[in-house]
Amino acid sequence: MKLRKVQDYFSLAGRALAFIFARPFYMQDLIQQMDEIGVKSLGIVLLTGFFTGMVLALQSSVSLARFGATMYIGSLVSASMIRELGPVLAGLMVAGRVGSGIAAQLGSMRVTEQIDALNTLGTDPIKKLVTPRVLAALIMLPVLTVINDFVGILGGNVISTVMVGIPSGLYWRTVWDQIGTDGFALRVIPTDFIQGITKPFVFGGIIAITGCYFGLNTTGGTEGVGQSTTRTVVMSSILILVVDYFLSQILLSVFAP
Amino acid sequence: MTDEKNRRGEGRRISERNADHVRAAIRDELAKDESIDAAHAPDAGTPVDAAPVIELQNVFLAFDTPILEDVSFVANKGETICIVGESGTGKSTTLKLILRLLIPEKGRVCIAGKDITPLSFVEALGVRQKMGMVFQGAALFDSMSVFENVAYPLREHTDLDEGEIEQRVREKLQFVDLDPDRVMEQLPSELSGGMRKRVGIARGMANNPEIMLYDEPTSGLDPLTTGTITRLIMKLQHELNVTSMVVSHDIRSVFRMATRVAVLHDRRIEFFGTPEEMAASDDTYLRDFLGGN
């Protein structure tokens with residue numbers, strides 16, 4: 001029974017991804033979803049990114065002060081934000097905001113027979129509903145993550161300048177040095193960036209597919225919609241954290257310094 | 001026609017006119033009703049050469065427990081088959097089988113002589129384009145306006161341009177006695193239950209289907225609106241000669257519109273025949289069902 005669900009999950013993912021390249025394209029739905037998933041998540045991403053960067057700078061300044069190395073705050077903040085906290089925090093925030101929304105919407109459509117109606121009208125609900133959401137998440141989550149990274153580093157800049165007394169110029173130089181230290185892929189793309197972009201891409205897929213999976217499989221009326229929403233947030237958060245570990249492991253071994 | 005708007009319009013004017021006019025108007029309405037009923041009365045017996053459009057042959061279906069066992073019946077072109085039975089006897093499930101939203105475990109479901117059970121998912125989407133389905137709760141897409149809802153099947157499956165789509169949507173909304181100018185831009189949540197049902201019918205018939213399926217079209221409606229919807233189904237069947245299948249609890253409307261009735265009981269077809277045969281039957285279950293004992 002459990003195994004069957006895992007199979008269903010992956011077959012949903014496979015079909016949703018395969019439909020990206022198949023006609024007809026629901027461009028309007030895609031743009032609407034990019035707005036819903038990306039643009040409307042900007043607020044919480046900016047807020048969490050900025051505060052995370054600030055607290056990182058604050059905490060690391062205490063530890064680094066013991067070694068007299070507070071000037072390296074910039075490199076610590078940027079490495080943490082770009083490799084880990086940027087992607088994971090953006091993923092978790094979007095899972096809470098968007099994943100739950102997707103599950104609730106598709107769940108309500110399921111219990112009010114709108115999914116059946118789509119089927120009856122000769123539309124594949126996966127193509128019409130799941131694919132635009134998955135594609136929008138795949139595109140928008142890396143964008144959100146880059147923004148998250150940047151405001152995080154900016155937050156670190158504010159704290160290190162105001163509270164620790166590190167000049168802005170020095171801070172940004174250590175940030176840039178850190179990005180360069182792990183080498184470049186194809187000579188121009190810092191490997192840290194590749195790590196930092198691959199992760200949100202995967203997380204985006206996890207969030208959208210998990211939301212759609214639980215939404216489409218909703219049973220039991222409005223109560224079922226609530227359960228699907230909760231399950232989506234729990235499941236996608238867990239998946240993000242677990243997949244993050246294994247992905248880090250793989251990426252580190254591929255881009256070994 | 002006795003659509004809600006007109007009726008409300010009449011109501012407003014009552015105080016302004018004298019009572020005789022009102023009485024005459026009511027008489028006219030009733031006469032219209034009767035003439036429609038007479039004009040749309042189901043033909044007694046089915047023509048011999050009528051081709052079977054929907055055919056279920058020894059269908060078995062089970063999820064965790066058996067739902068349907070050995071269910072067979074035929075709907076010929078232009079017929080209105082009503083499926084009645086107690087709650088949870090698999091009436092809506094039968095419609096889902098015809099739509100191939102479900103696949104039977106054993107047996108065949110044929111549409112226009114073609115077995116649809118072995119079809120692939122994509123092929124099934126094609127078969128469904130010939131059918132219009134009206135869901136119990138209308139199942140209108142609540143993120144779209146009434147216009148977009150009715151236009152949806154046209155946008156999906158036809159190459160009509162915007163002007164033609166709008167013309168077709170207006171035509172269908174008028175057919176179900178709704179004023180296109182008033183409702184087109186409204187959202188489904190702004191409509192009454194009866195209006196939602198009618199938009200559902202308009203959407204179901206937008207693509208000029210050969211088969212119309214209705215899942216409890218009159219449930220949760222007041223007696224007047226129930227009458228309106230029943231008349232609408234009969235009008236649709238009569239003017240466009242579609243084959244209809246109606247799942248209903250409302251025995252009165254069943255007797256009004258059905259050419260044949262299928263009674264589901266205990267996972268099987270207990271009775272399949274004309275309403276007259278049903279009324280004349282001395283089967284104890286049927287008598288209980290009709291008498292509500």
Side-chain angles (χ1 to χ4, degrees), chain A residues 1 4 8 11-12 14-16 18-19 21-33 35-37 40 101-102 104-133 136 215-222 224-225, chain B residues 63-64 92-93 95-102 119-144 148-159 188-189 196-197 199-207 209 211-216:
Chain A
M1 208 59 190
R4 179 71 196 270
D8 286 349
S11 93
L12 176 70
R15 285 177 60 196
F19 277 137
F21 307 103
R23 283 173 186 282
F25 304 112
Y26 293 102
M27 276 315 274
Q28 221 177 347
D29 293 88
L30 176 66
I31 290 165
Q32 195 192 339
Q33 288 308 318
D35 179 50
E36 189 62 44
I37 294 172
K40 290 187 179 156
I102 292 176
Q105 199 195 356
L106 298 200
S108 322
M109 287 184 78
R110 164 62 81 198
V111 298
T112 54
E113 296 184 302
Q114 290 179 53
I115 305 279
D116 284 336
L118 271 179
N119 250 322
T120 310
L121 294 169
T123 304
D124 188 332
I126 295 180
K127 182 150 186 44
K128 168 86 176 162
L129 299 172
V130 181
T131 301
R133 284 170 173 75
L216 288 178
N217 288 301
T218 300
T219 49
T222 41
V225 176
Chain B
F63 296 129
D64 294 331
S92 305
T93 312
L95 291 188
K96 287 187 176 165
L97 280 170
I98 295 167
L99 284 163
R100 206 183 169 282
L101 293 174
L102 296 171
L119 295 186
S120 73
F121 187 79
V122 178
E123 290 170 317
L125 291 178
V127 174
R128 283 184 208 131
Q129 288 173 32
K130 286 194 238 166
M131 305 185 211
M133 169 87 181
V134 180
F135 288 88
Q136 195 173 349
L140 300 177
F141 303 126
D142 42 25
S143 56
M144 300 181 195
E148 286 302 326
N149 263 288
V150 181
Y152 188 86
L154 303 172
R155 289 196 201 289
E156 282 293 286
H157 304 298
T158 64
D159 299 324
S189 54
R196 265 204 291 270
K197 282 265 160 75
V199 175
I201 294 175
R203 184 180 68 181
M205 61 183 280
N207 222 352
I211 298 169
M212 282 296 286
L213 306 169
Y214 304 86
D215 191 0
E216 309 212 2

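In what follows, chains are A, B, ... by sequence order, proteins preceding strands, each numbered from 1.
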Engineer: For a 4.5 angstrom cut-off between non-hydrogen side-chain atoms, does B:M133 reach A:D116?
Structural biologist: no
Engineer: Between A:I115 and chain B, which part of the residue has a heavy atom less than 4.5 Å away: side chain, backbone, both or neither?
Structural biologist: neither
Engineer: Please look at B:L213 and chain A and tell me whether the side chain, the backbone, both or neither of the residue comes under 4.5 angstrom of a heavy atom of that chain.
Structural biologist: neither
Engineer: Is there a donor-acceptor contact under 3.5 Å from the side chain of B:N149 to the main chain of B:M144?
Structural biologist: yes
Engineer: Out of B:V127, B:D142, B:L99, which one racks up the most heavy-atom pairs below 4.5 Å with chain A?
Structural biologist: B:D142
Engineer: When you measure from the side chain of B:R196 to the backbone of B:P188, do you find a donor-acceptor pair of N or O atoms at a distance under 3.5 Å?
Structural biologist: yes
Engineer: Determine whether a donor-acceptor pair (N or O, by modelled atom type, separation under 3.5 Å) exists between the side chain of A:K127 and the backbone of A:F19.
Structural biologist: yes
Engineer: Relative to chain A, which segment of B:D215 carries a heavy atom at a distance below 4.5 Å: side chain, backbone, both, or neither?
Structural biologist: side chain
Engineer: Tell me, out of A:T120, A:L118, A:D124, who's got the most heavy-atom pairs with chain B below 4.5 Å.
Structural biologist: A:T120
Engineer: Applying side chain to side chain donor-acceptor pair (under 3.5 Å) between A:T123 and each of B:E156, B:R155, B:R128, B:H157, report the one that passes.
Structural biologist: B:E156
Engineer: So which part of A:T112 gets closer than 4.5 Å to some heavy atom of chain B, the side chain, the backbone, both or neither?
Structural biologist: backbone
